[in-house]
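Here the structure comes first, spelled out in structure tokens, and everything after it is commentary.
Values below: all heavy atoms of this structure, side chains included; hydrogens, waters and symmetry mates excluded. Quantities reported herein were computed from a predicted structural model and do not represent experimental measurements. Chain letters run A, B, ... following the sequence lines, proteins first, then strands; residues in each count from 1.
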Protein chains: 2
Amino acid sequence: MKNQISAYDVARQAGVSQSTVSRVLNNYPHIKEATRKKVLVAIEELGFTRDEIARSLASKKTRTIGLIVGDITNPFFSESAKVITKKAQKLNYNVILCNTDHNEIQLEKDIQTLKGKRVDGIIIASADKDNQKISTLFDQGFPVVLYNSIMQHDKANYIAVNNYKGARLAVEHLFNLNHRNIGYIAGPSKYLTTHFRNLGFKNALEEFGVEINKQYVYQGEFSYNEVYQFTKKVLRLKNRPTCFFATSDQMAFAVLDAASSENISIPDELSVIGFDDVDLAKNEFIGLTTITQPKERMATLALENLISLIEESEEMDSPLQIILEPDLVIRKTTSICHK
Amino acid sequence: MKNQISAYDVARQAGVSQSTVSRVLNNYPHIKEATRKKVLVAIEELGFTRDEIARSLASKKTRTIGLIVGDITNPFFSESAKVITKKAQKLNYNVILCNTDHNEIQLEKDIQTLKGKRVDGIIIASADKDNQKISTLFDQGFPVVLYNSIMQHDKANYIAVNNYKGARLAVEHLFNLNHRNIGYIAGPSKYLTTHFRNLGFKNALEEFGVEINKQYVYQGEFSYNEVYQFTKKVLRLKNRPTCFFATSDQMAFAVLDAASSENISIPDELSVIGFDDVDLAKNEFIGLTTITQPKERMATLALENLISLIEESEEMDSPLQIILEPDLVIRKTTSICHK
DNA sequence: TTCATCAATTAAAACCCTTTCATTATAATG
DNA sequence: CATTATAATGAAAGGGTTTTAATTGATGAA
């Protein structure tokens with residue numbers, strides 16, 4: 001591979017010093033128009049593009065951020081990732097995507113490599129409760145914002161929705177529709193978001209005086225297949241639930257899938273409510289009743305705040321801890337229970 | 001921000017030279033076990049991690065690749081991205097994600113920044129027919145593989161499916177179900193994949209002796225909303241089509257959405273067939289009939305081949321041009337036409 | 001004992017920028 | 001015209017690695 005054209009080559013060609021080339025490239029003041037022209041011409045002639053790696057080494061900024069998600073295949077994440085990537089693009093940042101499969105070991109590895117690659121900051125969309133590595137990041141003042149994740153750490157920056165309330169909204173809706181046998185599908189409780197949804201679910205039911213049937217609750221990995229199998233099993237019970245609250249739309253889809261495969265009609269025989277309000281939930285062919293999160297706004301906030309964390313040199317006095325309000329969106333997968 | 005711990009610091013701590021530290025880090029031969037230990041201990045004590053940026057500058061390898069997709073929100077892309085990212089992870093590469101919104105200008109900008117960031121290679125999942133910038137990349141022998149995209153260039157590496165055949169399979173299926181009024185939804189023809197699907201569509205219909213009703217065909221942006229609006233409009237026609245072939249599942253979903261909003265029942269009143277076989281298509285609640293692409297395999301091939309392009313120093317003698325076979329998967333959104 | 005050989009280690013250049021400090025050219029002021 | 005301020009440029013020192021060439025040390029053969 002032939003050697004790269006460097007700023008030094010440009011300098012020679014233009015008959016100036018390398019630092020002048022750098023000056024032009026960085027739009028520094030105090031440059032004679034004629035000189036600038038000469039340099040620009042030389043750049044054009046040689047087809048020079050500056051080496052961002054060398055630039056990063058010298059400037060200690062990479063203009064690259066990390067985005068760690070549990071599963072990019074989950075539309076909630078891909079929709080968020082899109083907003084984040086595009087917004088980053090506009091601000092001249094790039095994003096390195098990491099997919100942890102909701103595995104903490106992988107998460108920590110990813111943080112490690114991202115730090116190795118000297119990213120300027122990281123957005124973590126699947127942060128477990130008491131991850132040491134993440135805590136350390138916050139302790140060190142490294143720019144990190146949690147997205148749709150929460151950590152109990154006095155320096156933690158996060159943007160999430162009021163998950164407790166979201167879960168309550170879901171339960172209230174089902175209760176109002178006369179449902180009393182409620183299935184519950186949730187991810188691992190290592191996530192505080194899940195934890196709060198659990199809490200909202202439990203508390204609401206308690207208040208309403210309805211018992212939770214342990215058989216109806218799945219709390220485990222975010223595995224489509226596991227949720228699918230679990231739901232199928234539960235639906236075969238003599239006394240099966242009349243509805244399911246799944247704490248993510250993705251999992252709600254798995255529930256719908258299982259129900260359909262058992263020839264159970266939605267919503268007549270089974271109501272299903274999700275969480276996230278993924279684009280497809282709005283699709284009228286599906287029409288998933290769900291709890292909406294303002295993901296566009298959340299993603300934008302996450303990115304913008306990360307960037308200011310990066311660019312404001314003065315360390316933030318108070319951490320960024322934003323909790324937005326979720327909302328119930330009633331569509332076609334829930335209906336009154338006649339049982 | 002306190003200064004980074006460098007290999008030099010480690011060297012001092014261990015009482016060796018910096019190059020020895022580097023040797024240890026890179027597992028070079030000819031190192032006394034005792035020395036290696038000393039260095040490893042020093043590394044541990046100081047919590048040193050090597051600066052990949054500096055490493056990249058010196059070695060001219062970043063162990064980072066670019067992944068350019070039209071829309072990460074399209075499950076076909078996010079599912080592919082996941083495979084690629086995870087596979088890359090395993091091989092110690094990271095991926096920078098770029099979302100072009102199917103915009104060529106953005107695509108070219110992305111290529112530019114990726115090259116600036118000195119990525120070792122690029123996977124392009126939305127390459128338009130005669131993009132000059134991409135051609136140049138191939139001319140230069142820069143490691144690029146097109147994914148689900150094709151270019152007529154004698155050095156182009158690509159992995160795609162036989163799109164012509166895929167489209168034919170779809171049409172044959174509809175024809176066999178007695179459909180004669182076929183709607184067609186396709187992306188912009190600047191994509192060769194689309195072009196071949198167009199061709200397959202046309203040729204098959206010609207052979208079957210059925211006329212294409214221009215009113216029924218949408219060829220334009222991959223915009224959910226535009227497709228939705230178009231479909232709605234067409235479905236309100238007196239003589240509306242009895243089925244739609246959408247050249248991506250994502251667009252098929254838009255068709256289903258529109259149909260449902262018009263209270264047209266699927267598949268009784270309208271058959272819909274997609275293309276891609278996205279995970280959700282398999283969902284029995286949806287059960288989208290579609291043309292399947294072996295995306296897992298394609299994505300793996302794309303990544304693995306990109307990496308060998310990067311790592312084999314000898315330039316590939318012949319370009320990588322793989323065309324896999326698509327398949328028809330019949331599910332629930334298509335049925336016999338009684339009209 | 002001496003030279004050759006090879007293992008183990010170091011010194012230093014290279015990678016391509018940014019940035020600080022010093023220097024020279026130019027303009028402004030009295 | 002001398003003096004001072006300021007604009008314009010350059011030289012050189014990093015930044016943290018890799019890598020090549022050089023050096024030292026040890027071992028064995030002649």
Side-chain angles (χ1 to χ4, degrees), chain A residues 1-40 42-43 46-64 92 113 115-120 313, chain B residues 1-40 42-43 46-64 92 113 115-120 313:
Chain A
M1 215 167 215
K2 55 171 163 268
N3 254 351
Q4 260 251 186
I5 294 121
S6 76
Y8 177 74
D9 301 320
V10 174
R12 258 196 336 198
Q13 171 98 354
V16 299
S17 79
Q18 209 248 49
S19 20
T20 300
V21 174
S22 179
R23 281 220 175 66
V24 172
L25 251 16
N26 294 303
N27 281 314
Y28 279 6
H30 307 319
I31 293 188
K32 230 199 296 183
E33 199 45 37
T35 323
R36 157 174 273 112
K37 277 263 166 59
K38 272 194 298 183
V39 172
L40 258 21
I43 287 176
L46 298 174
F48 164 84
T49 45
R50 65 140 120 38
D51 187 326
E52 295 293 333
I53 292 294
R55 200 160 129 82
S56 294
L57 178 61
S59 68
K60 315 221 127 273
K61 305 233 157 272
T62 55
R63 293 199 87 83
T64 302
N92 269 302
T113 31
K115 284 217 69 177
K117 292 236 160 129
R118 297 298 182 261
V119 296
D120 296 337
S313 46
Chain B
M1 216 170 214
K2 55 170 163 273
N3 254 351
Q4 261 250 187
I5 294 122
S6 76
Y8 178 75
D9 300 320
V10 174
R12 258 194 338 198
Q13 171 97 353
V16 299
S17 80
Q18 206 250 50
S19 18
T20 300
V21 175
S22 178
R23 280 226 170 58
V24 172
L25 251 15
N26 294 302
N27 280 313
Y28 278 7
H30 306 317
I31 294 186
K32 234 200 294 185
E33 200 44 39
T35 323
R36 157 173 275 111
K37 278 261 166 59
K38 272 194 298 183
V39 172
L40 258 21
I43 287 176
L46 298 174
F48 165 84
T49 45
R50 65 143 122 34
D51 187 327
E52 294 292 334
I53 292 294
R55 201 160 130 79
S56 294
L57 178 61
S59 68
K60 317 223 124 268
K61 305 235 157 268
T62 55
R63 294 200 87 83
T64 302
N92 270 301
T113 31
K115 285 218 68 177
K117 293 236 160 129
R118 296 298 182 261
V119 296
D120 295 338
S313 46

Next on the checklist: Both S19(B) and L57(B) contact DNA chain C. Which one's nearest nucleotide lies toward the 5' end?
Outcome noted: S19(B)

Checklist entry - Tell me: CD of Q18(A) to P of dT19(C), nearest whole Å? => result 13 Å

Next on the checklist: Need one value for I31(A): base, sugar-phosphate or nothing, where a base atom within 4.0 Å counts as base even if backbone is also close, heavy atoms only.
Outcome noted: sugar-phosphate

Checklist entry - Just by distance, do the side chain of R23(A) and the backbone of Y28(A) share a donor-acceptor pair under 3.5 Å? => result no

Checklist entry - To the side chain of S6(B), which of dT9(D), dT19(D), dG16(D) is closest? => result dG16(D)

Checklist entry - Quick one: is R50(B) getting a side-chain N or O under 4.0 Å of the dT18(D) phosphate, OP1 or OP2? => result yes

Next on the checklist: If you go through the side-chain atoms of R23(B), does one of them form a donor-acceptor pair with the base of dT19(D) closer than 3.5 Å?
Outcome noted: no

Next on the checklist: Between dA8(C) and T20(B), counting only base atoms on the nucleotide and side-chain atoms on the residue, is there a donor-acceptor pair under 3.5 Å?
Outcome noted: no

Next on the checklist: Within the 4.5 Å heavy-atom criterion, are V24(A) and T35(A) side-chain neighbours or not?
Outcome noted: no

Checklist entry - Hey, are the side chains of R55(A) and R50(A) touching, using non-hydrogen atoms and a 4.5 Å cut-off? => result yes

Next on the checklist: Between P on dG15(D) and CG on D51(A), what's the gap in Å once rounded to a whole number?
Outcome noted: 19 Å

Checklist entry - Do any side-chain nitrogens or oxygens of K32(A) fall under 4.0 Å of OP1 or OP2 in dT26(C)? => result no

Checklist entry - Which heavy-atom pair separates K60(A) from D120(A) by the least distance, and what is that distance? => result O-OD1, 4.5 Å

Next on the checklist: By the 4.0 Å heavy-atom rule, please label E52(A) as base, sugar-phosphate, or nothing.
Outcome noted: nothing

Checklist entry - For dT18(D), does OP1 or OP2 lie under 4.0 Å from any side-chain N or O of K61(B)? => result no

Checklist entry - Between dA8(C), dT17(D), dC16(C), which one does the side chain of A7(B) approach most closely? => result dT17(D)

Checklist entry - For S22(B) and dT17(D), is the shortest distance between a side-chain N/O and OP1 or OP2 below 4.0 Å? => result no

Checklist entry - Has the side chain of S17(B) got a donor or acceptor atom sitting under 3.5 Å from an opposite partner on the base of dA11(C)? => result no

Checklist entry - Backbone N or O of T62(A) within a donor-acceptor pair of the K117(A) side chain at under 3.5 Å? => result no

Checklist outcome for this item: Quick note, T35(A) side chain, CB onward, closest among dT17(D), dA8(C), dT9(D) is dT9(D)

